[in-house]
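Only this structure's heavy atoms are used, side chains among them; waters, hydrogens and symmetry mates stay out.
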Amino acid sequence: MAAQYRFLTEFELSSSPAAVEETLRDVGQWNTWWRWARRVESLTSDHGVVGARYRNRIATPLLYSFTYDTEVVEVSDELIRLEVSGDLAGTGVFRFRPTAPGGSLLSFEWSVETHKRWMNLLAPLAKSVFTWNHHKLMSDFGEGLGRASGGDLLVIRHVAATPT
């Protein structure tokens, strides 16, 4: 049975919402600024818009990796919604809004289940380790996103739910 995880990460960035959105939409370049993205391969020619699909290979601080496909399913002035399949399956939602003076508040909701057998077997015992791993991945994501969007990561907050 697949283990389920729900995370919410909030980033306060000094970069503008427009710069953050532009950087997020360029998924094919994530591996240039996110240290754990080993490869991001475009599966369509519709980069950053609804229908765009990517294959992501992510390494982790715990020395394992996973691969998942991402499809952009919704884009608006305030959010980017993704569906993922592969070693992880579920949804991701980026929401962004301005903060004073000229910065951004970005939240990322990640609701996925794992499809790697060993992860599902270890989930009841390794919840805190997998949660730490996710938080580390997202902290580094925020730092890289801040730099890539012309600013800095100012604050990060993590919330995790228990896997089921």
Side-chain angles (χ1 to χ4, degrees), residues 4-61 66-114 130-161 163:
Q4 297 179 352
Y5 294 86
R6 291 184 318 243
F7 297 104
L8 172 64
T9 307
E10 294 180 329
F11 309 89
E12 289 183 33
L13 302 157
S14 63
S15 10
S16 72
V20 170
E21 179 183 359
E22 182 179 333
T23 305
L24 286 174
R25 282 187 184 219
D26 197 2
V27 178
Q29 292 299 307
W30 286 12
N31 62 325
T32 65
W33 53 262
W34 185 21
R35 71 184 275 193
W36 303 107
R38 293 299 180 250
R39 186 177 67 220
V40 180
E41 173 187 357
S42 179
L43 302 177
T44 62
S45 60
D46 301 325
H47 302 292
V49 299
V50 173
R53 294 181 55 236
Y54 302 88
R55 179 152 299 137
N56 307 278
R57 178 142 178 96
I58 308 298
T60 73
F66 48 90
T67 301
Y68 59 90
D69 290 353
T70 301
E71 181 176 355
V72 180
V73 295
E74 183 180 356
V75 176
S76 74
D77 290 339
E78 299 175 354
L79 71 84
I80 299 172
R81 184 180 313 275
L82 312 169
E83 289 185 3
V84 297
S85 60
D87 292 341
L88 301 175
T91 60
V93 179
F94 290 101
R95 296 181 196 279
F96 29 89
R97 63 182 170 89
T99 60
S104 301
L105 178 62
L106 173 70
S107 67
F108 179 59
E109 300 168 43
W110 190 234
S111 181
V112 295
E113 61 183 33
T114 54
F130 289 153
T131 297
W132 174 89
N133 191 64
H134 174 80
H135 293 343
K136 176 64 175 153
L137 288 170
M138 295 314 297
S139 293
D140 290 341
F141 182 92
E143 289 175 12
L145 176 61
R147 284 189 304 276
S149 62
D152 292 303
L153 174 65
L154 304 174
V155 176
I156 188 166
R157 287 180 287 283
H158 302 285
V159 179

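For the atom pair CG (L106) and CG (L153), the distance works out to 10.0 Å, reported to the nearest 0.5 Å. In this structure, the separation between CE on M138 and CG on L8 is 10.0 Å, given to the nearest 0.5 Å. Residue D69 holds its CG atom at 12.5 Å from OH of Y54, rounded to the nearest 0.5 Å. With rounding to the nearest 0.5 angstrom, the OG1 atom of T9 is 7.0 Å from the NE2 atom of H135. To the nearest 0.5 Å, atoms OG (S149) and CG (D26) are separated by 12.5 Å. With values rounded to the nearest 0.5 angstrom, F66 atom CZ is found 10.0 Å from R57 atom CZ.
Between V84 and V112, the closest side-chain pair of non-hydrogen atoms falls below 4.5 Å. Within the 4.5 Å cutoff, the side chain of L82 has heavy atoms near those of the V72 side chain. Taking the side chain as every heavy atom from C-beta outward, D152 and L13 never approach each other to under 4.5 Å.
Side-chain atoms of R6 and S111 include no donor-acceptor pair closer than 3.5 Å. With 3.5 Å as the limit, one finds no donor-acceptor pair spanning the side chains of H158 and T131.
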Stepwise side-chain contact (heavy atoms from CB on, under 4.5 Å) test for R81 and T91: CA-CA 7 Å; R81 184 180 313 275; T91 60; 5.5 Å; no

side-chain contact (heavy atoms from CB on, under 4.5 Å) assessment of H134 paired with W110: CA-CA 10 Å; H134 174 80; W110 190 234; 3.5 Å; yes

L145 vs V20, side-chain contact (heavy atoms from CB on, under 4.5 Å): CA-CA, chis, key distance, verdict: CA-CA 7 Å; L145 176 61; V20 170; 4.2 Å; yes

From CA spacing to verdict: side-chain contact (heavy atoms from CB on, under 4.5 Å), E21, F96: CA-CA 8 Å; E21 179 183 359; F96 29 89; 3.6 Å; yes

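Closest approach of S15 and G150 over heavy atoms only: CB-C, 4.4 Å. Closest non-hydrogen pair, R55 versus T67, comes out as CG-CG2, 3.8 Å. In this structure, P61 and L137 approach most closely via the heavy-atom pair CD-CD2, 3.8 Å. Between G151 and S14, the closest heavy-atom pair is CA-OG, 3.3 Å. Heavy atoms only, all atoms of each residue included: E71 and G51 are closest at OE2-CA, 4.0 Å.
The backbone N or O of R53 lies less than 3.5 Å from a partner atom in the side chain of T44, making a donor-acceptor pair. The backbone N or O of S104 lies less than 3.5 Å from a partner atom in the side chain of T99, making a donor-acceptor pair. In this structure, the side chain of W30 engages the main chain of L24 through a donor-acceptor pair within 3.5 Å. Looking only at distances, no side-chain donor or acceptor of N56 sits under 3.5 Å from a matching main-chain atom of V40.
A salt bridge does not link E143 to R35: none of the charged side-chain nitrogens sits closer than 4.0 Å to a carboxylate oxygen. Between E12 and R157 there is a salt bridge, since at least one side-chain N of the basic residue sits less than 4.0 Å from a carboxylate O of the acidic one.
At most 12 heavy atoms of other shown residues, nucleotides or ligands fall within 6.0 angstrom of atom CD in E22. At most 12 heavy atoms of other shown residues, nucleotides or ligands fall within 6.0 angstrom of atom CZ in R97.
By the 30° and 60° cut-offs, the orientation of the rings of F108 relative to F141 is parallel. Using cut-offs of 30° and 60° for the angle between ring planes, the Y5 and F130 rings count as perpendicular.
Between R95 and the choices E78, E74, E109, E10, the salt bridge (charged side-chain N to carboxylate O under 4.0 Å, His left out) rule is met once, by E109.
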